[in-house]
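Inspection log for the structure reproduced underneath, given as structure tokens.
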Amino acid sequence: MQLGINLGYWGAGMDGDNLAVAQEADRLGYSVCWAAEAYGSDAATVLTWVAAQTERIDVGSAIFQIPARQPAMTAMTAATLDSLSGGRFRLGIGVSGPQVSEGWYGVKFDKPLARTREYVEIVRKAMTRERLSYDGEHWTLPLPGGPGKPLKLTVHPQREHIPLYIAAIGPKNLEQTGEIADGALLIFPSAEHLEDTAVRHLRAGREKAGKTLEGFDIVPTVPLALGEDKDVEKLADTFRPYTALYVGGMGSRQQNFYNKQARRMGFEEAATEIQDKYLAGDKDGAAAAIPHDLIDKTTLLGSVDRIADRMKEYAAAGVTTLTLAPAGWTLDERLAALRAGTEALERAGLA
């Protein structure tokens with residue numbers, strides 16, 4: 001099992017810290033550094049900045065939002081980043097959510113599976129540098145009856161095949177991801193529930209494509225807080241606002257993928273209460289309603305030895321790249337958590 005680092009969103013007053021974290025991860029031998037985007041910083045610019053100031057670590061988009069870019073633009077960006085980074089780019093994409101898609105980009109959030117499939121097909125075709133034409137439900141290239149003509153990508157990526165990941169959480173999305181992608185980006189992953197909530201669906205998709213999970217990258221992002229085992233409950237409290245945002249407030253009441261994930265893990269009543277309070281404006285109440293067990297199962301908390309034991313569980317559940325999101329109020333705390341990650345991986349015998 002390899003380790004990754006997720007910088008999250010840029011521009012939260014930690015820009016210099018994030019670069020230092022990426023550089024330390026590079027020095028420690030982390031395999032990939034991911035950057036996110038929602039409706040603030042864009043991931044492509046951040047990854048270019050990081051790639052220019054690191055040497056070995058891969059840089060990955062987690063994610064480029066499908067409603068934000070035409071598929072050919074994503075292919076251009078991926079090819080450019082791969083070329084500039086010396087073959088270190090990983091392309092992660094996802095449909096985002098209805099509030100961002102429709103509220104920020106003005107793109108209707110409908111038929112996300114079909115839209116994603118067509119998007120992947122166009123991106124892959126464009127990056128092969130063949131002349132691009134496509135006739136689908138959501139995209140038609142070139143547009144009929146006009147001056148457009150099939151064009152081909154003029155940039156030469158460093159590699160013939162740039163790894164493509166899809167952010168997936170629901171069963172159907174996971175199955176399709178297994179079928180058409182090279183890896184899956186997961187969030188709120190419990191090692192105990194990973195087979196039922198994710199891996200079996202990915203496996204079904206691979207089988208549909210005539211493949212196995214061999215070589216397929218399963219990449220959950222897991223927050224990490226380093227401390228003493230006797231303080232695990234206090235460490236878990238660090239992630240209450242984060243968990244409340246996703247389970248309670250990310251998306252609408254009808255379309256919150258993370259709330260559904262919590263329910264699939266057996267936290268039905270808590271998921272309802274968290275969402276009710278969050279959507280009513282009681283964010284503190286939503287955070288307080290989160291069971292400690294939900295946070296503990298979806299994070300890495302405590303000593304290096306405790307974290308190592310949890311890493312063993314993730315590896316046994318099928319995780320191939322464990323992406324860490326180290327917590328800390330200071331840069332020193334985040335760097336300490338980053339170093340603890342590599343130490344825990346070694347103690348677990350997984351390095």
Value rounded to 0.5 Å, distance of [atom1] in [X] from [atom2] in [Y]:
| X | Y | atom1 | atom2 | value |
| --- | --- | --- | --- | --- |
| Gln2 | Leu350 | CD | CG | 11.5 Å |
| Glu137 | Arg117 | CD | CZ | 12.5 Å |
| Asp82 | Leu91 | CG | CG | 10.0 Å |
| Ile93 | Thr74 | CD1 | OG1 | 7.0 Å |
| Arg240 | Ile290 | CZ | CD1 | 6.0 Å |
| Arg115 | Ile66 | CZ | CD1 | 8.5 Å |

Honestly curious: do [X] and [Y] fall in one hydrophobic cluster under the side-chain, below-4.5 Å linking rule?
| X | Y | result |
| --- | --- | --- |
| Val46 | Trp49 | yes |
| Leu84 | Ile162 | no |
| Tyr134 | Val120 | yes |

How is the hydrophobic cluster of [X] composed, in terms of its other members, when Ile, Leu, Val, Met, Phe, Trp and Tyr link through side-chain heavy atoms under 4.5 Å apart, directly or indirectly?
| X | value |
| --- | --- |
| Val32 | Trp34, Ile63, Tyr165, Leu185, Val219 |
| Met73 | Met76, Leu153, Val155 |
| Leu279 | none |
| Leu143 | none |

(request) Ignoring hydrogens and angles, state whether a donor on the side chain of Glu192 or Ser190 is under 3.5 Å from an acceptor on the partner side chain. (result)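 No pair is found: no donor N or O on one side chain lies under 3.5 Å from an acceptor on the other.
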
(request) State whether a side-chain donor-acceptor pair under 3.5 Å links Thr321 with Asp217. (result)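 Distance-only check passes for Thr321 and Asp217.
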
(request) With Arg69 as the cation and Phe64 as the aromatic partner, state whether NZ or CZ is under 6.0 Å from the six-membered ring centre and within 45° of the axis. (result)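 Verdict for Phe64: a cation-pi partner in Arg69.
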
(request) In plain terms, say whether Lys111 and Glu118 are close enough for a salt bridge, that is, a side-chain N and a carboxylate O under 4.0 Å apart. (result)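 Salt bridge: no.
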
(message) Taking the basic N atoms (NZ, or NE/NH1/NH2) and the acidic carboxylate oxygens, is any pair closer than 4.0 Å for Glu160 and Arg129?
(response)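 Judged by the 4.0 Å cut-off on N to carboxylate O distance, Glu160 and Arg129 do not form a salt bridge.
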
Check whether any side-chain N or O of [X] sits under 3.5 Å from a backbone N or O of [Y] as a donor-acceptor pair, and report yes or no.
| X | Y | answer |
| --- | --- | --- |
| Ser83 | Thr80 | no |
| Asn256 | Val247 | yes |
| Tyr119 | Val95 | no |
| Thr320 | Ile218 | yes |
| Asn6 | Ala325 | no |
| Glu343 | Val304 | no |
| Glu37 | Gln65 | yes |
| Thr299 | Leu301 | no |
| Ser61 | Gly92 | yes |
| Glu179 | Ala209 | no |

(message) Suppose we screen for side-chain contact (heavy atoms from CB on, under 4.5 Å). Which residues come up paired with Thr45, at least two apart in sequence or across chains?
(response)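 For Thr45 the side-chain contact (heavy atoms from CB on, under 4.5 Å) partners, ignoring immediate neighbours, are Asp42.
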
(request) Tell me, please, which residues at least two apart from Ala51 pass side-chain contact (heavy atoms from CB on, under 4.5 Å). (result)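 For Ala51 the side-chain contact (heavy atoms from CB on, under 4.5 Å) partners, ignoring immediate neighbours, are Val59, Ser85, Arg88.
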
(request) Decide yes or no on side chain to side chain contact (heavy atoms under 4.5 Å, CB included) for Arg347 and Ile307, but give the supporting numbers first. (result) CA-CA 9 Å; Arg347 292 193 191 182; Ile307 291 169; over 6 Å; no

(message) Taking ring pair (Phe, Tyr, Trp, His ring centres under 6.0 Å) as the definition, give me every residue that meets it alongside Phe89, ordered by chain and number, with sequence neighbours left out.
(response)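 Not a single residue meets the ring pair (Phe, Tyr, Trp, His ring centres under 6.0 Å) criterion with Phe89.
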
(request) Could you list the residues that satisfy ring pair (Phe, Tyr, Trp, His ring centres under 6.0 Å) with Tyr246, not counting sequence neighbours? (result)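 In terms of ring pair (Phe, Tyr, Trp, His ring centres under 6.0 Å), with neighbours along the sequence ignored, Tyr246 is linked to Phe188, Tyr242, Tyr258.
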
(request) Considering non-hydrogen atoms only, spot the tightest contact between Asp296 and Arg306 and give its length. (result)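 In this case the closest contact between Asp296 and Arg306 is OD2-NH2, 3.0 Å.
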
(request) Mind listing the closest non-hydrogen atom pair of Gly302 and Leu235 along with its distance? (result)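 Shortest heavy-atom contact: N-CD1, 3.5 Å.
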
Measure the shortest side-chain to side-chain distance between [X] and [Y] over non-hydrogen atoms and say whether it is less than 4.5 angstrom.
| X | Y | value |
| --- | --- | --- |
| Pro220 | Leu322 | yes |
| Leu3 | Leu28 | no |
| Leu338 | Leu324 | no |
| Asp58 | Tyr30 | no |

(message) side chain to side chain contact (heavy atoms under 4.5 Å, CB included) for Lys125 and Glu121? Distances and angles first, verdict last.
(response) CA-CA 6 Å; Lys125 190 171 186 179; Glu121 290 173 352; over 6 Å; no

(request) Provide the full list of salt bridge (Lys or Arg N to Asp or Glu O under 4.0 Å) pairs with a residue in residues 269-283, sequence neighbours left out, each pair given once. (result)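 Counting only pairs at least two positions apart or across chains, the salt bridge (Lys or Arg N to Asp or Glu O under 4.0 Å) contacts touching residues 269-283 are Arg253-Asp276, Glu273-Lys277.
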
Any residue meeting salt bridge (charged side-chain N to carboxylate O under 4.0 Å, His left out) with [X], in chain and number order, not counting sequence neighbours:
| X | result |
| --- | --- |
| Arg264 | none |
| Asp196 | Arg200 |
| Lys208 | Glu175 |

(request) Show your reasoning for whether side chain to side chain contact (heavy atoms under 4.5 Å, CB included) applies to Arg334 and Ile5. (result) CA-CA 11 Å; Arg334 295 178 71 197; Ile5 177 72; over 6 Å; no

(message) If you count every heavy atom of other residues, nucleotides or ligands that lies below 6.0 Å from Glu130 atom CD, does the total exceed 12?
(response)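 More than 12 within 6.0 Å, yes.
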
(message) Quick check on Glu195: does its CD atom have over 12 non-hydrogen neighbours (other residues, nucleotides or ligands) under 6.0 Å away?
(response)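 More than 12 heavy atoms, drawn from other residues, nucleotides or ligands, come within 6.0 Å of this atom.
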
(message) Between Leu186 and Leu174, is the side chain to side chain contact (heavy atoms under 4.5 Å, CB included) condition met? List the steps.
(response) CA-CA 9 Å; Leu186 311 178; Leu174 286 160; 3.8 Å; yes

